[in-house]
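A quick note: this is a predicted structure, and the numbers were derived from the prediction, not measured. Residue numbers begin at 1 in each chain, while the letters A, B, ... track the order of the sequences.
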Number of protein chains: 2
Amino acid sequence: MSKERKNTLRDSVFESLKALIITGQIPPGARVTENDMAARLNVSRTPVREAFNRLERDGLVVGRPRQGYVVTEFNLTMFREAFDIREMLDGRATELAAANATAADKARLRDMLAECERLAAIPDRSTREQFEELQVGIDLHRVIAEIGGNEMLHGMLCGILDKCQQYVWTELLWLDEWQLTREEHTGIVDAICAGDVALAGERARAHVRGSRENILRLLQAKSDYQGFFAKAS
Amino acid sequence: MSKERKNTLRDSVFESLKALIITGQIPPGARVTENDMAARLNVSRTPVREAFNRLERDGLVVGRPRQGYVVTEFNLTMFREAFDIREMLDGRATELAAANATAADKARLRDMLAECERLAAIPDRSTREQFEELQVGIDLHRVIAEIGGNEMLHGMLCGILDKCQQYVWTELLWLDEWQLTREEHTGIVDAICAGDVALAGERARAHVRGSRENILRLLQAKSDYQGFFAKAS
DNA sequence: ACACTCAAAATTGTATACAAATTCGCATAC
DNA sequence: GTATGCGAATTTGTATACAATTTTGAGTGT
């Protein structure tokens with residue numbers, strides 16, 4: 001049991017599995033069985049099974065009756081769907097954040113930006129440090145949604161961001177574009193701090209659109225992306 | 001086992017419980033235990049337990065460790081949150097439907113409108129028939145999202161609509177306003193059939209906004225709504 | 001060499017047994 | 001009469017046993 005963040009085994013198994021999937025350590029298309037995971041995490045099948053249920057509900061795995069579970073494979077269509085939704089949710093959440101952010105909230109966002117800059121300034125950084133910057137950058141959006149105050153919206157956006165994180169990290173994408181991402185994040189936080197609701201929302205939406213187009217362009221530039229993306233079923 | 005729509009007990013238990021909750025037969029705030037439900041549905045605790053997990057993930061029940069589950073209580077804040085999100089999702093889904101609907105899709109929507117009209121024309125209709133009209137009216141939105149083609153958006157909207165259906169039906173609301181609802185639904189379907197993306201989206205958003213304001217007004221007119229709505233925690 | 005059959009293995013679906021934690025009530029002390 | 005403490009009952013958390021179904025592969029017949 002490498003991670004035990006929650007009280008119940010079910011929750012810790014869920015978090016462990018989600019992390020393994022989102023970070024690509026268990027790649028899309030990989031078959032995962034209850035027994036394997038139970039043995040790997042030193043627990044019985046029961047909590048593993050319940051974790052699988054939640055993962056399936058979150059769209060991270062798909063399971064067919066009596067045939068086992070497979071980490072969700074994604075194709076360009078699903079990618080576009082996710083980013084289309086994320087544009088709406090992220091835009092709205094950012095508007096709410098601009099309307100509601102307290103001084104403490106603003107400081108928290110600035111701290112996260114500073115952490116990104118710090119990680120970016122490390123020369124010849126490792127994959128681990130690159131992943132951390134990606135993580136903080138995505139967490140920024142989660143925190144913005146939290147600040148916005150709509151709990152339901154926050155929860156939905158977190159689910160979408162999990163998928164986006166998996167997409168991006170599994171493909172190890174756009175390492176040269178992170179500078180642009182940091183600038184856009186700064187612009188969003190600036191607008192939130194200024195309390196400019198419309199500007200913050202539009203910058204967030206533009207940021208998501210830009211990320212989507214950027215990633216799509218890079219994916220199509222990769223001649224072998226067919227190997228990563230599942231064939232459309 | 002009154003309903004067995006799926007292959008697995010877990011799914012049928014989930015559907016049964018969801019129906020009981022959405023229709024208010026198990027009201028918000030009611031305590032539900034695994035043993036009770038297992039006995040009531042003549043199954044063991046295991047499938048009941050897994051159904052509870054999914055219900056909790058969908059926000060229909062809340063469970064605290066070793067304390068049991070309670071049907072989610074809702075307050076005005078959560079109501080506003082849900083309708084705020086629904087306005088976005090429903091609007092976008094309707095735009096997509098207007099862009100993608102085939103002739104068969106359009107016929108299907110028209111059929112659903114006709115069914116609403118038929119149910120509305122019944123004189124002195126029973127609660128059962130009123131519920132059916134509500135059901136078809138909400139299913140109309142589900143079908144529109146399905147036609148839109150964004151699977152992820154469809155799934156998210158269905159979850160929100162479950163909550164909205166519970167809100168509305170539990171409160172037995174706005175029986176006199178159904179005529180207006182039918183007219184708005186007709187306007188939405190008309191725009192979809194005409195392929196007018198912008199108009200369809202705007203009509204859908206206006207419809208959701210109108211429903212929200214309408215329900216809020218009626219709720220606040222009820223002097224005793226405090227008895228139905230939980231105190232803000 | 002290929003196809004077909006059947007049995008065994010793998011895997012999930014369900015039930016049940018037990019453990020741990022919380023809640024509730026009753027008895028007792030003051 | 002009230003408060004406190006302890007134990008029984010309730011309820012979920014976890015593990016394990018068994019059932020049902022699908023897949024796989026070996027073996028045989030042509």
Side-chain angles (χ1 to χ4, degrees), chain A residues 1-18 20-21 26-73 230 233, chain B residues 1-18 20-21 26-73 230 233:
Chain A
M1 280 177 279
S2 51
K3 285 186 179 181
E4 32 213 343
R5 296 160 56 176
K6 290 273 189 171
N7 288 335
T8 66
L9 284 180
R10 165 188 45 177
D11 290 329
S12 79
V13 169
F14 173 74
E15 294 296 337
S16 298
L17 272 173
K18 189 169 88 167
L20 287 173
I21 291 172
I26 303 179
R31 191 137 178 278
V32 285
T33 67
E34 296 177 358
N35 280 325
D36 286 350
M37 279 303 143
R40 184 168 176 172
L41 299 174
N42 275 327
V43 297
S44 78
R45 270 182 56 211
T46 306
V48 173
R49 185 175 178 74
E50 298 187 0
F52 272 39
N53 269 307
R54 289 178 59 179
L55 289 170
E56 183 173 27
R57 180 61 187 75
D58 284 3
L60 275 71
V61 301
V62 289
R64 287 204 308 244
R66 298 183 201 275
Q67 273 181 259
Y69 292 87
V70 171
V71 177
T72 307
E73 305 184 87
S233 58
Chain B
M1 281 179 277
S2 49
K3 285 186 179 183
E4 34 214 341
R5 295 160 55 176
K6 291 271 189 171
N7 288 334
T8 67
L9 284 178
R10 164 188 46 179
D11 290 330
S12 81
V13 169
F14 173 75
E15 294 297 336
S16 298
L17 271 172
K18 189 169 88 168
L20 287 172
I21 292 172
I26 302 179
R31 191 135 179 279
V32 284
T33 68
E34 297 177 358
N35 279 326
D36 286 350
M37 278 303 144
R40 183 168 176 172
L41 299 174
N42 274 326
V43 296
S44 81
R45 268 182 58 212
T46 306
V48 173
R49 185 174 179 73
E50 299 187 1
F52 272 38
N53 269 307
R54 289 178 59 179
L55 289 170
E56 183 173 26
R57 180 60 186 76
D58 285 2
L60 275 72
V61 302
V62 289
R64 286 204 309 241
R66 299 184 197 275
Q67 272 182 259
Y69 293 86
V70 171
V71 177
T72 307
E73 306 184 87
S233 57

### Task
Could you say whether B/Thr46 or B/Arg31 is positioned toward the 5' end of DNA chain D, judged by the nucleotide with the nearest heavy atom to each?
B/Arg31

#### Entry: Spacing between A/Asn35 atom CG and C/dT12 atom P, to the nearest angstrom
7 Å

### Message
Under 4.0 Å from OP1 or OP2 of D/dG13: is there any side-chain N or O of B/Arg49 that close?
### Response
yes

#### Entry: Gap between atom CZ of A/Phe14 and atom CG of A/Asn53 - 0.5 Å precision
11.0 Å

### Query
Reckon A/Arg45 has a side-chain N or O less than 4.0 Å from the OP1 or OP2 of C/dT11?
no

#### Entry: Whole-Å gap separating C1' (D/dT14) and CG (A/Asn42)
14 Å

### Query
Does B/Arg66 make a side-chain donor-acceptor contact with the base of D/dT12, cut-off 3.5 Å?
yes

### Query
For B/Leu9 and D/dA20, what is the distance between atoms CG and P respectively, to the nearest whole Å?
12 Å

### Query
Under 4.0 Å between a side-chain N or O of A/Ser44 and OP1 or OP2 of D/dA15?
yes

### Message
Using side-chain heavy atoms (C-beta onward) and a distance below 4.5 Å, is A/Arg40 in contact with A/Val32?
### Response
no

### Task
Could you state the atom-to-atom distance from CG of B/Asp36 to P of D/dT10 in whole Å?
11 Å

### Query
Given atom CD of A/Glu50 and atom P of C/dT14, what is their separation to the nearest angstrom?
14 Å

### Query
Of the candidate nucleotides C/dA15, C/dT12, D/dT12, which contains the atom at the shortest distance from the side chain of B/Val43?
C/dA15

### Salt bridge present between B/Asp11 and B/Arg54 (N-O < 4.0 angstrom)
yes

### Query
Below 4.0 angstrom from OP1 or OP2 of C/dG13, is there any side-chain N or O of B/Arg10?
yes

### Task
For B/Glu56 and B/Gly63, indicate whether the former's side chain and the latter's backbone hold a donor-acceptor pair under 3.5 Å.
yes

#### Entry: C/dT23 OP1/OP2 closer than 4.0 Å to side-chain N/O of B/Gln67
yes

### Message
Let's test your reading of the pairing rules: Watson-Crick or G-U wobble, both distances under 3.5 Å, then write DNA chain D as a dot-bracket string with ( ), [ ], | and dots.
### Response
||||||||||||||||||||||||||||||

### Length of the OH-P vector between B/Tyr69 and D/dT11, whole Å
14 Å

### Minimum side-chain heavy-atom gap B/Met37-B/Val13 below 4.5 Å
no

### Query
Salt bridge or not for B/Asp58 and A/Arg57, using N-O below 4.0 Å?
yes

### Query
Atom CD of A/Glu56 to atom C1' of C/dT12: distance rounded to whole Å?
12 Å

### Message
Whole angstroms only, please: what is the CZ-P distance between A/Arg54 and D/dG13?
### Response
12 Å

### Query
In Å and rounded to the nearest 0.5 Å, what is the OG1 to CD distance from B/Thr46 to A/Glu50?
9.0 Å

